[in-house]
Amino acid sequence: MTLIKTILCRIFADMKKNRVILCTILFYMALTQFLFHSVCPFAILFGFPCPACGLTRAGLLLLRGDLAGAFRMHPAIFPWAAFLLYLCFFRYILGKKAPYGTVWVTAIGITVLAVYAVRLISGTLPDVLSRGILTGYAS
């Protein structure tokens, strides 16, 4: 079997194995986006940006090739993207579990919290469209 065919088989096997979870996530995202104009449970409940606020939008900008826009939206998108490529390389190309996953996630989590702290202090948090179910607060 060729490398490409092996990689595709692994990807489709993972998608099949996790289809219920994937469908649930897609349904949640579509429903919350339609109802609240946000997929972030923190923003939906409290109307205030969470530490990861902007990562989804930054990821979409990164996929479009807008590196500067992605960085402005959330600088932690670059370590997240590198981590996802790292995981995919080990899982789909080498067929192994990626080592040091916990170390990566911890380091990136600290980075996300540091970006959040800087944004809180400087007053540059991203806008949140949801008013917040629990608070009624609109940013």
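Positions are given from 1 along the sequence.
- No side-chain donor-acceptor contact under 3.5 Å links Y86 to the backbone of G101.
- Relative ring orientation between F48 and Y116 is described as perpendicular, the plane-to-plane angle rising above 60° on a 0-90° scale split at 30° and 60°.
- Atoms OG1 and CD1, on T111 and I77 in that order, are 12.5 Å from each other to the nearest 0.5 Å.
- Listed here is the closest heavy atom pair of M73 and R119: O-NH2, 2.5 Å.
- A distance of 11.5 Å separates CZ of R19 from OG1 of T24, quoted to the nearest 0.5 Å.
- Within the 4.5 Å cutoff, no side-chain heavy atoms of P51 are placed close to those of F42.
- In the hydrophobic cluster analysis, where Ile, Leu, Val, Met, Phe, Trp and Tyr join through side-chain heavy atoms closer than 4.5 angstrom, I121 is grouped apart from L125.
- Here the closest non-hydrogen pair linking I108 and P79 is CD1-O, 3.4 Å.
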task: Decide side-chain contact (heavy atoms from CB on, under 4.5 Å) for I21 and N18; before the verdict, give the C-alpha distance in whole Å, the side-chain angles of both, and the deciding distance to 0.1 Å.
output: CA-CA 5 Å; I21 293 168; N18 297 301; 4.2 Å; yes
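- Nearest approach of P75 to V115, heavy atoms of both residues: CD-CG1, 3.9 Å.
- A 4.5 Å side-chain heavy-atom check between L8 and Y92 finds every atom pair outside the cut-off.
- Hydrophobic clustering keeps L26 apart from L63 (ILVMFWY residues linked when any side-chain heavy atoms are closer than 4.5 Å, directly or through intermediates).
- Taking OH from Y100 and CZ from F83, the interatomic distance works out to 14.0 Å, rounded to the nearest 0.5 Å.
- Heavy-atom minimum distance, L87 versus A98: CD2-CB, 3.8 Å.
- W80 is listed as a side-chain neighbour of V112, based on a closest heavy-atom distance under 4.5 Å.
- Scanning all heavy atoms of the two residues, the minimum distance from Y28 to C40 falls at OH-C, 4.2 Å.
- Under the 3.5 Å distance criterion, the side-chain polar atoms of D66 are left unmatched by any main-chain donor or acceptor of L62.
- L67 and L85 are members of different hydrophobic clusters when ILVMFWY side chains are connected at heavy-atom separations under 4.5 Å.
- Taking CD1 from I93 and CG from L3, the interatomic distance works out to 6.5 Å, rounded to the nearest 0.5 Å.
- The minimum heavy-atom distance between S38 and I44, with the atom names listed, is O-CD1, 3.5 Å.
- Using modelled atom types, no side-chain atom of R91 and backbone atom of K97 make a donor-acceptor pair closer than 3.5 Å.
- The environment of L35 atom CG is dense: over 12 non-hydrogen atoms of other residues, nucleotides or ligands sit within 6.0 angstrom.
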